[in-house]
Amino acid sequence: MTAAVKPAQAAIPSVGRLLNREPLPTLAGRHGHALVRDCAREELAALRRQLAAGGAAPTVEAIAAAVAERLAAALGPSLRPVLNLTGTILHTNLGRAPLPEAAIAAIAQAARGNVNLEYDIDSGRRGDRDAHLEGWLCRLTGAEAATVVNNNAAAVLLILNTLALRRRVAVSRGELIEIGGAFRMPDIMARAGCRLVEVGTTNRTHLKDFRQAVEDGAALIMKVHTSNYVVQGFTASAPEADLAELAHAHELDFVVDLGSGTLVDLKPFGLPHEPTVAETLGHGADLVCFSGDKLLGGPQAGIIVGKRALVERLKRNPMKRAMRPGKLTIAALGAILPLYANPERLTETVPTLRLLARPEAEIRTLAERLRPQLAARLADVATVETVACRSEIGSGALPTEALASAGLALRPLSSKRSGAALRRLSQAFRRLPVPVLGRQRDEALIFDLRALEDETALLGQLDRLTLS
Ligand SMILES: *Cc1c(COP(=O)(O)O)cnc(C)c1O
């Protein structure tokens with residue numbers, strides 16, 4: 001058998017011998033023997049494949065160093081900071097809203113020890129985790145009561161399952177939305193145990209269509225914010241106040257999934273008007289739900305506000321237990337909501353609103369300042385130009401309203417195979433210690449600078465770029 005072993009294969013050490021070679025014994029003491037052994041096995045397996053393909057055998061020292069590298073990669077966090085220069089501010093794949101400092105501090109404090117999450121300090125009795133947020137939510141929206149779950153999809157599921165289990169729910173055909181692939185209103189309805197009654201047509205739905213649905217036995221009327229698309233042209237929809245009136249005339253409830261849900265009018269920030277939660281309640285909605293990490297600028301959460309009797313029913317649904325947020329989410333929301341008491345300062349206190357309201361001229365000045373440094377670094381590889389571009393709010397908020405912005409367009413110099421050159425350029429930026437993510441358009445890599453507040457985060461790592 002030994003005679004058949006090729007010389008290179010023979011040079012591969014056993015796992016045991018490899019593990020005796022520094023720094024591996026030290027690392028095993030620090031990070032656990034089993035983990036280091038697994039990394040050693042993986043490295044040896046990779047090496048065998050390499051040698052079978054005709055490579056040369058490295059020294060045992062070099063193999064031990066490669067195992068140490070593997071270990072470092074395995075121990076590093078999977079969740080890493082990235083620079084979002086895609087131009088989509090609330091990017092679901094990139095973790096949506098950057099949190100206010102007050103929220104970050106509150107999370108750290110709650111994380112460190114015990115808190116009165118469900119404990120009433122005055123009476124010494126068991127408390128309610130919603131109590132930390134309900135007062136603020138009611139004050140800011142004018143609602144009677146409020147509760148919070150893990151995200152807005154959960155909020156929709158809980159509302160439907162609580163108010164319309166095995167019953168019919170009337171929704172306009174123009175609002176049967178899909179958000180980010182996995183959230184499709186018809187599927188959520190089915191999982192909530194409700195029967196969807198499609199009302200009207202894709203472009204036009206009238207009050208009389210809803211009246212018909214109610215006469216045919218609908219038990220709940222629901223309106224869904226068409227977050228990520230608009231129906232344009234020959235369109236009609238029933239006003240919320242009319243839907244509320246119709247529902248109440250039949251002793252039914254009218255609920256609104258607002259999606260982004262803003263607590264304040266966005267006009268003063270130079271953004272188009274979005275119906276606020278308070279306005280929607282004012283139109284007669286019995287429950288309104290919205291996300292915590294969209295326009296609100298907070299942590300992932302689903303917020304439900306409205307009639308006390310309905311909120312109480314939601315809280316009694318056993319499903320609520322499976323959807324309740326943890327102390328970190330409650331701490332963060334508890335720090336953000338008070339910031340909304342002073343709308344004038346929101347662009348200072350809430351990063352999401354600051355980024356969305358950031359003036360185009362300021363972003364252009366930043367682009368002009370950064371351009372020469374990027375151009376110098378990329379001299380032989382790509383041209384760098386300042387360009388006008390349009391940012392998106394993202395996460396389905398105000399889908400068609402692009403915000404005038406500015407950025408840098410990087411164009412590879414090599415004329416042939418420009419697609420491949422562009423991919424290499426994007427990859428080089430993605431491989432930085434803090435990956436820089438842009439958007440590819442018109443054979444250029446575009447960095448929209450709206451979300452770049454700390455320019456050293458970009459400039460400080462330019463010398464680490466590996467350009468081929
Ligand atoms: C975003 C959105 C949801 C889902 O909210 P998540 O907080 O992402 O779970 C539901 N409905 C509408 C209308 C939305 O825009």
Side-chain angles (χ1 to χ4, degrees), residues 88-99 133 137 146-161 163 169 171-192 194 196 205 220-231 237 240 243 254-263 266 271-272 274-277 279-281 283 285 287-306 314 319-320 322-326 328-330 332-333 336 352 356 392-401:
T88 301
I89 304 305
L90 293 170
H91 199 306
T92 299
N93 300 352
L94 302 181
R96 292 192 185 160
L99 294 187
L133 304 171
L137 286 169
T147 186
V148 178
V149 291
N150 272 325
N151 49 48
N152 191 36
V156 173
L157 191 63
L158 182 65
I159 290 172
L160 289 171
N161 180 268
L163 303 187
V169 181
V171 185
S172 163
R173 283 204 169 83
E175 298 174 358
L176 293 174
I177 56 165
E178 168 180 311
I179 293 164
F183 183 88
R184 289 177 137 196
M185 201 40 93
D187 298 343
I188 296 275
M189 288 264 175
R191 290 291 170 152
C194 306
L196 170 65
T205 303
L220 184 70
I221 299 181
M222 182 164 193
K223 185 173 169 66
V224 184
H225 191 293
T226 54
S227 299
N228 48 7
Y229 71 101
V230 268
V231 183
S237 60
E240 285 177 357
L243 291 177
F254 171 51
V255 301
V256 179
D257 170 13
L258 257 191
S260 275
T262 173
L263 293 177
L266 298 175
L271 299 168
E274 257 294 271
T276 66
V277 178
E279 280 166 7
T280 309
L281 287 169
H283 293 159
L287 287 178
V288 175
C289 64
F290 56 101
S291 289
D293 54 354
K294 292 185 182 173
L295 285 173
L296 185 72
Q300 179 184 305
I303 299 169
I304 309 171
V305 296
L314 297 178
M319 264 195 184
K320 170 69 171 36
M323 300 173 172
R324 69 183 191 188
L328 303 185
T329 302
I330 290 171
L333 281 173
I336 290 165
T352 298
L356 292 176
E392 274 178 48
I393 299 178
S395 287
L398 308 165
T400 53
E401 309 290 352

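Counting starts at 1 for both ligands and their atoms, in listed order.
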A.B. asks: Between T262 and P275, which heavy-atom pair has the shortest distance, and what is it?
C.D. replies: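 Looking at all heavy atoms of both residues, the shortest contact is CG2-O, 3.9 Å.
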A.B. asks: Quick one: look at K294 and ligand 1, take heavy-atom pairs under 4.0 Å, and tell me if it's side chain, backbone, both or neither.
C.D. replies: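 Side chain only.
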A.B. asks: Can you tell me if R96 contacts ligand 1 (heavy atom of the residue under 4.0 Å from the ligand)?
C.D. replies: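 R96 counts as a contact of ligand 1 under the 4.0 Å cut-off.
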A.B. asks: Strictly under 4.0 Å, does any heavy atom of M185 approach an atom of ligand 1?
C.D. replies: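 It does not; every heavy atom stays at 4.0 Å or beyond.
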A.B. asks: Is there a polar contact, in the sense of an N or O pair closer than 3.5 Å, between D257 and ligand 1?
C.D. replies: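 Between D257 and ligand 1, an N or O pair is found under 3.5 Å apart.
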A.B. asks: Can you tell which of N150, N151, N152, I303 gets a heavy atom nearest to atom 5 (O) of ligand 1?
C.D. replies: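 Shortest heavy-atom distance from atom 5 (O) of ligand 1: N152.
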A.B. asks: Can you find a pair of side-chain heavy atoms, one from L158 and one from K320, that are under 4.5 Å apart?
C.D. replies: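 L158 reaches K320 side chain to side chain.
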A.B. asks: Checking the N or O distance criterion of under 3.5 Å, is ligand 1 in contact with S260?
C.D. replies: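 N/O-N/O distance below 3.5 Å does not exist for this pair.
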A.B. asks: Atoms of ligand 1 less than 4.0 Å from A153 heavy atoms?
C.D. replies: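 Once the distances to A153 are compared, the set is 4 (C), 5 (O), 6 (P), 9 (O).
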A.B. asks: Looking at every non-hydrogen atom in both residues, tell me the closest pair between P299 and A332 and how far apart they are.
C.D. replies: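 It is CG-CB, 3.7 Å.
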A.B. asks: Given side chain to side chain contact (heavy atoms under 4.5 Å, CB included), test M185 with D257 step by step and report yes or no.
C.D. replies: CA-CA 10 Å; M185 201 40 93; D257 170 13; 3.7 Å; yes
A.B. asks: Counting heavy atoms only, which of A301, A155, S291, G259 is nearest atom 6 (P) of ligand 1?
C.D. replies: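 Among A301, A155, S291, G259, the closest heavy atom to atom 6 (P) of ligand 1 belongs to S291.
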A.B. asks: Does L94 have any side-chain contact (heavy atoms from CB on, under 4.5 Å) partners at least two apart in sequence or in another chain, and if so, which?
C.D. replies: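 Counting only residues at least two positions away or on another chain, L94 forms a side-chain contact (heavy atoms from CB on, under 4.5 Å) with V82, N84, T86, H91, L437.
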A.B. asks: Would a 4.5 Å heavy-atom cut-off, applied to side chains only, mark L296 and L333 as touching?
C.D. replies: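 Sidechains of L333 and L296: in contact.
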A.B. asks: Return the set of residues passing side-chain contact (heavy atoms from CB on, under 4.5 Å) with N151 (not counting sequence neighbours), or none when no residue passes.
C.D. replies: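 N151 satisfies side-chain contact (heavy atoms from CB on, under 4.5 Å) with A153, A154, Q300 once adjacent residues are dropped.
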A.B. asks: Would you mind listing which atoms of ligand 1 come within a distance below 4.0 Å of any non-hydrogen atom of H225?
C.D. replies: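 Counting from 1, the qualifying ligand atoms are 13 (C).
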